[in-house]
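Everything numeric here is computed off the predicted structure, so don't read it as measured data. Computation of the quantities below employed the complete heavy-atom set of this structure, encompassing side-chain atoms and omitting hydrogens, waters and symmetry-equivalent molecules.
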Amino acid sequence: MPKITINNKDIEFKDGMTVLQACELAGVEIPRFCYHERLSIAGNCRMCLVEMEKSAKPIASCAMPATEGMNIKTNTQMVEKARKGVMEFLLTNHPLDCPVCDQGGECDLQDQSLYYGFDKSRFKENKREVKDKHMGSLIKTQMTRCIHCTRCIRFSTEIAGVPELGAIGRGENMEITTYLEHSMESELSANVIDLCPVGALTSKPYAFKARPWELKKTESIDVMDAVASNIRVDSYGWEVKRILPRLNNNINEEWISDKTRYACDGLLKQRLDKPYKRENGKLTECTWDEAIDLISSKIKETNPKTIAGHIGDMASMETINSFKNLLNSIGANNYEFREKPFYINPKNKINYIFNSSINGIEKCDLLLLVGANPRHEATMLNARIRKSFVNKKLPIYSIGDSGNLTYDYKIIGEKTEDIKKLIEGENEISRKILNAKYPIVIIGESALELKSGEFILEGIKDFLFKNNFITEQWNAFNILIQNASTVGAIDLNFLDIDKKNNFNFFDKLNKNQFDLLYLVGSDNLDFVKKNEFIVYQGSHGDRMTQIADVIIPSPAYTEQDGLFINLEGRLQQCIKATYPPGNSLEDWKVFNLLNKRLTNKELFKNFHQLRQETLKQVKNHSDFNLLPKTKIKELQQKSGEFKYPFLGSLRSADQRVSYIDEFITIKEVDYYFSNSIARASKTMSNCRAERSKSFKNKTGS
């Protein structure tokens, strides 16, 4: 490896590194404003100046490629004088408003000016003033503070893939703007707040709410979608003030979606804080004993075969496991986690996870979407696809119209007939897949909702397996699920299917065959109530509380510990950051109370026992934060039969699952209103209204 000398110390570096990166290898901290390791190099702030041997002037280390034999010094008088000069120019027009700036305490400019700033300025001219820009409900602007680092422009263009920001004017008259001054439309737009090294772009909903040193910081995960981005929950007292990204290169890198960041104000609104029961058509407050007595008496007088349970989209694995134990103890086996009927095969873990992994997308050389819209269904996964598209010119194809994604893709079909041709090797895309080294096929829930959903999943899996694209080294078969609780629920076998019917629960629900329906955090289940007695247990007064007969308050995801498995099968912990309001009880404690009343026994002695029993049931699990391994022995053919069976009895190789020629229509996700917390959020409501307004302006309707 080539070597570079930094402060009289020889350092080995990789080809392609810059001088700044080489200095970091040497443990030398270089101040910077415009440079960011995930963005293209701009080299326009000049704060990273260092001295290079045989150079009359200091060089910008972020833009200078490191070469063999360079002799760099970072601590000389020349370097210090140059950096102080740059800082003096940067502060020429910067307003002296640190005490009222939301960036205070987390500001790069503030930190660097401590070392390189002056206590007075030599400039006598008036400071310039720049008009603030409108960037929507999420981003507050004070553009007089802007130092033209262009990080926000590069992020929106390169990472988000929605080039909404740019610069107009030259020199001192340069301004960062959205051109037409409309709200930013990217689902990643608020990441520019974290990137801004000064206080020019700050969080509008968080404005003047708290100082960073006042907040309790809890490292946790997000449950707004199945990606499970790593986050930091900042709370003041029992109130969540903000959510920030936490670095995890395997999942979300250092970005999070706007919904993940800003739906947290919904944790304060429409909360359930006490039990309710319905009397004479109206909900009235009641005590815990009254609620538990009413539910247990109804359970006792109801045939267990007509009792059903449904789990919501943000339920932890402990909640699911304890709920299943309660239902089993009363003899009920009708339970489900799906909010809509889409085909699943729970017999092997590869049938319902993203096997290539999020990080594996960067290795991919061909990507095929089947009935999926990653931009709205899994925003951070979509950002990784965008990254691979930009860096490698990744060819992307789609069967079904995926809508306006943040990268170019080619629609190669809109019917299941095109999938049939793919499986049988009769079209161009099947040949392209066979010629690829690391292909990825992503099947969305919209495709699995079709009558031919079984054919799509099993047929594509069969095609990939036969052509050696499902191996222990590389697995090209991927399911794009939408809810945080899905993989955990399947691992715990919280579903009602048999060899003949994948949708038993939904068939009985639509025929109103249930007498008692117990909903746990479930607000997106679509059915018409008739004579069912409905128990709702959840954190928010959302859709199902309008028809519930008994309402039980329970904590939200930031208010209780829980395990979640993300769409790629990675087990992670959600950590309790605050306390629930009022008389809310953790879900497993509620089930314990009910079981005690019904059978005079507790389901679990404590939370530790519940967690340990839950962990034992996780399929193909080795440890936290690790990917499950593809167990190829369970998938290999034996005696002419598939060891990775289609749903139902094992089928021989020459048999086909049912095939129906259908159009693949990708169902639109109501992105900002996808769950009860988001629907309670004023910020998400504002974003939804702005998106609707923007759509009407563009279409003229």
Side-chain angles (χ1 to χ4, degrees), residues 31-48 60 62-63 86-98 100-104 106-113 126-207 254-255 258 261-262 383 390 406 687 690 694:
R32 81 291 298 269
F33 293 116
C34 69
Y35 174 79
H36 191 278
E37 54 269 19
R38 300 194 193 276
L39 303 175
S40 61
I41 295 171
N44 52 9
C45 78
R46 320 308 286 181
M47 195 64 204
C48 63
C62 72
V86 170
M87 179 60 70
E88 189 174 6
F89 276 117
L90 288 175
L91 295 176
T92 301
N93 287 308
H94 197 81
L96 300 175
D97 57 359
C98 290
V100 297
C101 177
D102 270 320
Q103 196 85 343
E106 301 172 312
C107 178
D108 292 349
L109 184 64
Q110 204 174 51
D111 294 340
Q112 299 301 336
S113 63
N126 292 329
K127 291 179 180 286
R128 71 166 188 162
E129 183 180 1
V130 181
K131 182 182 176 183
D132 293 340
K133 306 296 187 292
H134 172 68
M135 293 187 183
S137 303
L138 306 180
I139 303 169
K140 179 186 176 185
T141 62
Q142 190 155 344
M143 302 312 292
T144 303
R145 299 172 182 162
C146 181
I147 62 170
H148 303 159
C149 71
T150 68
R151 279 185 179 183
C152 55
I153 297 174
R154 284 175 283 151
F155 174 83
S156 63
T157 304
E158 299 165 11
I159 307 295
V162 185
E164 301 169 289
L165 294 176
I168 58 173
R170 299 185 67 188
E172 192 180 65
N173 295 321
M174 177 178 165
E175 295 183 21
I176 308 296
T177 178
T178 56
Y179 299 119
L180 300 177
E181 296 220 7
H182 59 73
S183 60
M184 295 179 71
E185 296 179 2
S186 168
E187 294 77 21
L188 298 171
S189 63
N191 286 289
V192 300
I193 295 167
D194 299 331
L195 286 171
C196 185
V198 296
L201 305 176
T202 55
S203 172
K204 189 175 283 186
Y206 175 70
E254 59 190 85
W255 322 118
D258 292 346
R261 186 186 298 265
Y262 285 118
V390 171
T406 57
C687 290
E690 285 183 352
S694 174

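Residues passing the side-chain hydrogen bond (donor to acceptor under 3.5 Å, both in side chains) test with Asp194 are Arg261, sequence neighbours excluded. Contacts of His36 classified as side-chain hydrogen bond (donor to acceptor under 3.5 Å, both in side chains), with partners at least two apart in sequence or in another chain: Glu254. The side chain to side chain contact (heavy atoms under 4.5 Å, CB included) search around Thr144 returns Pro95, Glu129, Val130, not counting sequence neighbours. The side chain to side chain contact (heavy atoms under 4.5 Å, CB included) check on Thr178 picks up Met135, Leu165, Glu181, Met184, with sequence neighbours excluded. With sequence neighbours left out, the side chain to side chain contact (heavy atoms under 4.5 Å, CB included) criterion links Cys45 to Phe33, Cys34, Met47.
In this structure the side chain of Cys62 never reaches within 4.5 angstrom of the side chain of Arg32, judged on heavy atoms. No side-chain heavy atom of Thr202 sits less than 4.5 Å from a side-chain heavy atom of Glu106.
When all heavy atoms of Cys146 and Val198 are compared, the closest pair comes out as CA-CG2, 4.4 Å. For the pair Ile193 and Ser203, the tightest heavy-atom approach, listed with the atom from each and the gap, is CD1-CA, 3.7 Å. Nearest heavy atoms, Ser137 versus Glu690: OG-OE2, 2.8 Å.
The distance from atom NZ of Lys127 to atom OG1 of Thr92, rounded to the nearest 0.5 Å, is 7.0 Å. Leu195 CG to Ile153 CD1: the interatomic distance, rounded to the nearest 0.5 Å, is 12.0 Å.
For residues 147-175, the set of pairs meeting the salt bridge (Lys or Arg N to Asp or Glu O under 4.0 Å) definition, not counting sequence neighbours, comprises Lys133-Glu175.
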